[in-house]
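Because the structure is a prediction, the values reported are computed rather than measured.
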Amino acid sequence: MISVELPDGSVREVEAGSTAYQIAESIGPGLARAALAAKVDGEVQDLARPLERSTKLEILTDRQPEALAVLRHSAAHVLATAVRQLYPDAQIGFGPAIEDGFYYDFDVDTPFTPSDLEAIESQMQKVVKQDYPFVREVVEPDEAEARFQDDPLKLERLREFGTEEVITVYTDGPFVDLCLGPHIRTTGQLKHFKLLHTAGAYWRGDERRQMLQRIYGTAWFKKKDLDQYLVRLEEARKRDHRVIGKQLDLYSIQDDVGAGQILWHPRGATLQFELRRFIEDEIMRRGYELVYTPHVTREQLFVRSGHIPLYEDNQFPAMAAASGDADDVRYRIKPMNCPMHALVYASRQRSYRELPVRLAEIATVYRNERSGALHGLLRVRGLTMDDAHVFCREDQIEDEIYDMIDTVDVVMNTFGLEYRLDFATRPDKKIGADEAWDVAERALEGALKRRGLSYGIDEGGGAFYGPKIDIKVRDAIGREWQGATIQLDYQLPERFELEYVGSDNKPHRPVMIHRAILGTIERFVGMLIEHFAGAFPVWISPEQVRVIPITDALDDAAASINKQLRGAGIRSSLDDRSETLNYRIRDGEIMKVPFMAIVGKREAENGTVAVRVRGAGKKQEVMPVAAFLERVRQQIRERSISPTG
RNA sequence: GCUGACGUAGCUCAACUGGUAGAGCAGCUGAUUUGUAAUCAGCAGGUUGGGGGUUCGAGUCCCUUCGUCAGCUCCA
């Protein structure tokens, strides 16, 4: 007999070899029916696994979020079962649960079409109806080899197993898979799922290997959850910066210019203008100095910096010699600013007294991104970094990093953006002595700890030249994009032989820190559009106030208010079109203008405006023009997130 | 770059198996003068992304090229 402790603290004595399912049955038929998996001593397992030792046991049902991943992974098996029935020659890859769903990779001769998906989904329904139990078996290597004789992908994985490892296979009806588990009890427990789309995916994520066909799907405990998820996807599409960017006339990308290049329209340019002003103001108060450097330089510069050949794939090809130059002088458009900032530093002698030297430049750089990677504003070829390079002594690193993290936090909080910090440590392939890495990593982590923000650790994720801190923000549909980045660099100072004269009157090599706070203006604006769904804070709104006269008899009065607002530095416009009031108000709402100042006869007579605040509907407020003006200015000054705030 | 899907008026989308390219909104003109989310009428607008091919005939089929989208890979 063994004793099993349940979550409520009660203990049951059962025979060794009893299953969690049997225990669930003994507790009650309702629980047995609802049971999806078991948690044994903190580990999620199949319900059918025999319990050999005294343990703590929790029966997982649809009330435990941990069971969702089990359900989704099982859904992947049901998918594979269906695909194998419809396409017996399909070879199977991997099929894990992922956030919000699952996928399974198949090697098939002809890729699946959308209508194939429908057929596969209805076949899945049949598999569910069959209510096949998921059966786990532990097998010997040669037995496993035999079972997966016709599945080269599985065989490949199988041959990677160490001799000590336990090989398990799972069977549901006709389908057998090499799999760690766990699974739900039967296929019938999968109820609410939907296949979403297909995509190619390299086998083992390696672009040199063959491309498999991946089918993505989603699965939920309840129909309501599934429906909500589909609605959420729909809502996210409405927040898509590419949709809103068009609606609000912020920017365009045109074939005549080329993929991945942004044409900023006046409204989008205003966002960029305010961001630049904001960040430049912020960092100059923190002791940074602005520099401007060329966009095209001799290729040799990037050879010296090491970009060529290391980064060459991401650079645009060389340009021919400028006229009059020697034939061997070629030029490159810059993919980064760091070499030039290093040269600014090196342009004269530096004393330890002037360190840290902090050089900043908001500059557009050009990278030859692979066409398939481009994505609206979030991944472009012409990207504008709010770049800076700090040259300092090792003992100054921590303070500098601390200040950078603080800047990131201030900037993100200004917009109410949530972000995630990742501390990326030394990779296997690295340059420099371990002692230097020790110092660098300690400094970075010390600064993180001092700032008191939580962060993840990306073990071995650092750059080859130094550890880094990455800041990631999510887009409307939950994809993470890198924003700010802070990178320590021992390599470039070496290559450019950067020096400062120390108090000992001897030359020393400074450390270089690369950092961007917004990341790139393009990506940051894209994130802002999605975050605010186009309803920007007043201070960055392209159009802050729209003055609307009720009839054309009031056009002059409205025009003079508009002029007054503009004179006060407010981005105001006048809508005196010969359209109905309703039409113009609707237009203002659609364009997400934070304030509409409506001028009727009463207002004109009293020197007031009827202020309609974006999103507040009819709850307007009549106030003197001067008071309104001050209110807008206050919102701008305080960088309020919402006009109602 | 790779796999798949897609590309029709400024925008959103129609056009059955190949048979005269349409609508709404936006735009222009005129009328209307409006008190808080679409006033009415008229007009104009397209070598169907580009190039080539099959066909009596191509938006529709084929090839090619550019681009977009979802992923993969890569990355700010």
Side-chain angles (χ1 to χ4, degrees), chain A residues 103 105 108 110-114 116-117 196-216 237 240 242-243 246-247 249 252-260 311 313-314 335-336 365 367-380 383-387 470-473 477 479 481-485 487 514-524 526-527 548-555 576-591 596 598-603 610-620 622:
Chain A
Y103 69 75
D105 288 339
V108 284
T110 43
F112 303 112
T113 65
D116 290 341
L117 272 197
L196 297 174
H197 53 262
T198 60
Y202 298 110
W203 168 234
R204 315 292 308 255
D206 185 342
E207 63 179 322
R208 289 165 305 190
R209 311 282 313 256
Q210 76 264 42
M211 184 160 262
L212 308 180
Q213 296 304 313
R214 176 171 298 178
I215 297 177
Y216 283 92
R237 265 187 277 276
D240 190 316
R242 292 163 300 186
V243 174
K246 205 172 271 176
Q247 282 167 354
D249 193 19
S252 61
I253 300 171
Q254 299 183 27
D255 286 8
D256 289 336
V257 178
Y311 198 71
D313 284 350
N314 283 292
M336 291 188 192
V365 298
R367 299 181 185 176
N368 193 4
E369 298 292 341
R370 304 216 256 181
S371 59
L374 301 175
H375 184 89
L377 288 174
L378 300 184
R379 188 79 182 271
V380 294
L383 44 140
T384 309
M385 308 179 71
D386 67 316
D387 208 0
D470 288 330
I471 287 84
K472 297 192 175 81
V473 186
I477 60 172
R479 289 177 295 209
W481 296 87
Q482 180 162 332
T485 180
Q487 309 182 354
H514 308 242
R515 55 102 277 195
I517 302 297
L518 302 174
T520 73
I521 305 255
E522 287 79 10
R523 180 172 289 179
F524 199 79
M527 303 300 320
I548 305 179
I550 289 181
T551 76
D552 55 13
L554 298 160
D555 282 359
D576 58 359
R577 287 177 295 179
S578 164
E579 297 285 355
T580 58
L581 180 65
N582 278 334
Y583 177 93
R584 287 175 289 158
I585 284 175
R586 180 165 194 270
D587 193 58
E589 289 286 351
I590 287 171
M591 293 305 283
M596 280 181 261
I598 311 217
V599 184
K601 202 168 152 215
R602 289 198 295 273
E603 287 78 14
V611 178
R612 183 183 165 115
V613 180
R614 178 183 62 207
K618 288 185 187 173
K619 275 187 285 173
Q620 60 160 358
V622 179

Contact string for nucleotides 70-76 of chain B, one letter per nucleotide 5' to 3', B = base within protein heavy-atom range under 4.0 Å, S = sugar-phosphate only, - = neither, reads SBBBBBB
Contact class for A/Glu603 vs. all strands (heavy atom < 4.0 Å): base, sugar-phosphate, or nothing?
base
P atoms of B/rG52 and B/rA58, separation to the nearest Å:
13 Å
Which base, if any, makes a Watson-Crick or G-U wobble pair with B/rA58, both distances under 3.5 Å?
none
Taking B/rA15 as the reference, what is the distance to B/rA9 when you measure between their P atoms (whole Å, please)?
15 Å
Here's a test of your reading of the structure: between A/Val599 and A/Gln213, which maps to the more 5' nucleotide of RNA chain B?
A/Gln213
Rounding to the closest angstrom, what is the interatomic distance between B/rA21 and B/rA14 at atom C1'?
10 Å
Test for a donor-acceptor pair under 3.5 Å between the base of B/rA37 and the side chain of A/Arg614, counting only N and O atoms.
no
Is the shortest side-chain heavy-atom distance between A/Leu581 and A/Ile548 below 4.5 Å?
yes
State which residues pass side chain to side chain contact (heavy atoms under 4.5 Å, CB included) with A/Asp256; sequence neighbours excluded, sorted by chain then number.
none
Say whether, by atom type as modelled, one donor and one acceptor occur between the side chain of A/Glu522 and the main chain of A/Thr384 under 3.5 angstrom.
yes
Main chain of A/Gly519, side chain of A/Asp386: is a donor-acceptor contact present, judged purely on distance under 3.5 Å?
yes
In whole Å, measure the gap between the C1' atoms of B/rC61 and B/rU48 for me.
15 Å
Please determine if a side-chain N or O atom of A/Lys619 lies less than 4.0 Å away from the OP1 or OP2 oxygen of B/rU36.
no
Gap in Å between the two C1' atoms, one belonging to B/rU33 and one to B/rA26, rounded:
22 Å
Is there a donor-acceptor contact under 3.5 Å from the side chain of A/Asp116 to the main chain of A/Thr113?
yes
Integer angstrom distance from the C1' of B/rA38 to that of B/rC6:
32 Å
Residues passing the side chain to side chain contact (heavy atoms under 4.5 Å, CB included) test with A/Val243, sequence neighbours excluded, are A/Asp240, A/Gln247
I need the CZ-C1' distance between A/Arg602 and B/rU34, as an integer number of Å.
14 Å
Identify, with sequence neighbours excluded, every residue that meets side chain to side chain contact (heavy atoms under 4.5 Å, CB included) alongside A/Ala610.
A/Ile598, A/Glu603, A/Gln620, A/Val622
Are the side chains of A/Leu377 and A/Met527 in touch, meaning some heavy atoms are under 4.5 Å apart?
no
Partner residues of A/Arg523 under the salt bridge (Lys or Arg N to Asp or Glu O under 4.0 Å) criterion, sequence neighbours left out:
none
Remember a base hit wins even if backbone is also touched, and classify A/Lys601 as base, sugar-phosphate or nothing at under 4.0 Å, heavy atoms.
base
Checking base pairs now: Watson-Crick or wobble, both atom distances under 3.5 Å. What partners B/rA38?
none
Please give, in whole Å, the distance from B/rG35 P to A/Met596 CE?
16 Å
Return the nucleotide paired to B/rC2: Watson-Crick means purine N1 to pyrimidine N3 with N6-O4 or O6-N4, wobble means G-U with N1-O2 and O6-N3, both under 3.5 Å.
B/rG71
Examine distances only and state if a side-chain atom of A/Arg614 and a backbone atom of A/Met591 form a donor-acceptor pair shorter than 3.5 Å.
no
Just the table, please: protein N/O against nucleotides 43-46 of chain B N/O, every pair under 3.5 Å.
none

Rounding to an integer number of angstrom, what distance separates B/rU60 and B/rG53 when you compare their C1' atoms?
15 Å
Report all interatomic pairs (protein N or O, nucleotide N or O of nucleotides 48-51 of chain B) with separations under 3.5 Å.
none

Nearest-Å distance for atom pair CZ/P, residues A/Arg237 and B/rU68
19 Å
Restricting to salt bridge (Lys or Arg N to Asp or Glu O under 4.0 Å), what partner residues turn up for A/Asp470, sequence neighbours left out?
A/Lys468
Roughly how many Å is it from CG in A/Asn582 to P in B/rU34, rounded to a whole number?
13 Å
Considering only heavy atoms from C-beta outward, does the side chain of A/Leu374 approach that of A/Glu369 to under 4.5 Å?
yes
Which nucleotide, if any, forms a Watson-Crick or G-U wobble pair with B/rG46, using both distances under 3.5 Å?
none
Do nucleotides 23-33 of chain B as a string where each nucleotide becomes B, S or -: B if the base has a protein heavy atom under 4.0 Å, S if just the sugar-phosphate does, - if no protein is that close.
---S-----BB
May I have the distance from A/Asp587 (atom CG) to B/rU36 (atom C1'), rounded to whole angstrom?
14 Å
Report the residues that fulfil salt bridge (Lys or Arg N to Asp or Glu O under 4.0 Å) with A/Arg214, sequence neighbours left out, ordered by chain and then residue number.
A/Asp105
What residues, two or more places apart in sequence or in another chain, satisfy ring pair (Phe, Tyr, Trp, His ring centres under 6.0 Å) together with A/Tyr583?
none
B/rG51 and B/rG59, which share atom name P, separated by this distance in whole Å:
13 Å
Flag, side chain of A/Thr551 to backbone of A/Ala553, donor-acceptor distance under 3.5 Å
yes
Which residues share a salt bridge (Lys or Arg N to Asp or Glu O under 4.0 Å) with A/Asp206, sequence neighbours left out
A/Arg208
